[in-house]
Amino acid sequence: MGVEGCTKLMKYLLFCLNFIFWLAGGVILGVALWLRHDQKISNLMSLEVDGAQTPTSFYICVHILIAVGTVMMVVGFLGCYGAIQESQCLLGTFFVCLVILFAGVIAAGILGYMNKDTVSKEMKKFYDSVYDMAISDTLNDHTKKKAVEQVLKAFHETLQCCGKDKVTSAFSVITSKVGFQDVCSSQWTLVDCHGKIDELFSDKIYLVGIAALVVAVIMIFEMIFSMVLCCGIRNSPVY
């Protein structure tokens, strides 16, 4: 026999919430893997100029998300199984794991909000350094200058943009059309790369933040329900 009445209702509510939590972990894991293997991001992250590589902070965040999504799926399964089996031991373990995970999500959310523009700023700084090297007259090594221009062109072809802002965009397109450089396409005139970089990185980080907030709310209800169910199992006369 098992629990009865309101405690039984709590049992099935906890199971449903844990199933949603398990699905949310799967979604986060899927999104993180998609970001990790997104073609545009992969193309930019593989660029290198004069020994300097693109910033790795974005991939660090993605790898953390992969770990979080995996842990959420494991904890969600543990909660579902513990609720169905009405096991105080499993529910207690689930509660402890949930508290630790909740603290980690809150800490990551605060840290992510404080540094929400860091990735795009680092990427724009790297782009600016490549752009300045490509148009600089002080770069006398023709082979090196060509290599820098190829990296800059990879930026432009990936993001379909050209230049830091409207002015440099127009300048780069004109110099490319007359043959001084080969870094831009005329169809991307006035589409600046700073805006495209913000769109690629910052906008996606906001989506991750919203997902983390939804998951945190679910976790609060799960912690409440798991403790209520655990107490109900302990006090149930059928045990």
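Quick caveat: nothing in here was measured; it's all calculated off a predicted structure. Note: hydrogens, waters and symmetry copies are ignored here, and every other heavy atom, side chains too, is used.
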| Taking side chain as C-beta onward, heavy atoms only, is Val191 less than 4.5 Å from Gln160? |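 The answer is no, as the side chains (C-beta and beyond) never meet within the 4.5 Å cut-off.
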| said: Any non-hydrogen side-chain atom of Leu13 less than 4.5 Å from a side-chain atom of Leu17? | reply: no
| message | Check for me whether the distance between the ring centres of Tyr131 and His156 falls short of 6.0 Å. | response |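 No, ring centres 6.0 Å or more apart.
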| field | Smallest separation among heavy atoms of Phe77 and Trp22, with atom names | value |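 Answer, listing the atom of Phe77 first, then Trp22: N-CD1, 4.0 Å.
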| said: Using a 4.5 Å cut-off between side-chain heavy atoms of Ile, Leu, Val, Met, Phe, Trp and Tyr, which other residues end up in the same hydrophobic cluster as Val74? | reply: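 Val74 clusters with nothing; isolated.
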I'd like to know if [Y] and [X] are part of one continuous hydrophobic network [Ile/Leu/Val/Met/Phe/Trp/Tyr, side-chain heavy atoms within less than 4.5 Å].
X      : Y     : answer
Phe102 : Met72 : yes
Val217 : Val99 : yes
Tyr81  : Leu98 : yes
Leu29  : Trp34 : yes

Please table the atom pairs, donor to acceptor, closer than 3.5 Å between any side-chain atom in residues 218-232 and protein atoms at least two apart or in another chain.
unit_1 : atom_1 : unit_2 : atom_2 : d
Glu222 : OE2    : Asn18  : N      : 3.2
Ser226 : OG     : Glu222 : O      : 3.0
Ser226 : OG     : Met223 : O      : 2.9

Looking at [atom1] of [X] and [atom2] of [Y], how far apart are the two atoms once the value is rounded to the nearest 0.5 Å?
X      : Y      : atom1 : atom2 : value
Leu91  : Gln85  : CG    : CD    : 10.5 Å
Ile197 : Asp128 : CD1   : CG    : 7.5 Å
Ile66  : Leu33  : CD1   : CG    : 4.5 Å
Asp192 : Asp198 : CG    : CG    : 9.0 Å

| field | Sequence-distant partners of Leu23, side chain to side chain contact (heavy atoms under 4.5 Å, CB included), two or more places apart | value | Phe19
| Presence of salt bridge, Lys164 and Asp132, under 4.0 angstrom |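 Judged by the 4.0 Å cut-off on N to carboxylate O distance, Asp132 and Lys164 do form a salt bridge.
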| request: Using only the SG atoms, decide whether Cys193 and Cys161 are less than 2.5 Å apart. | output: yes
| Under 3.5 Å, is there a donor-acceptor pair between the side chain of Tyr12 and the main chain of Ala83? |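 Side chain of Tyr12 to backbone of Ala83: no pair is present.
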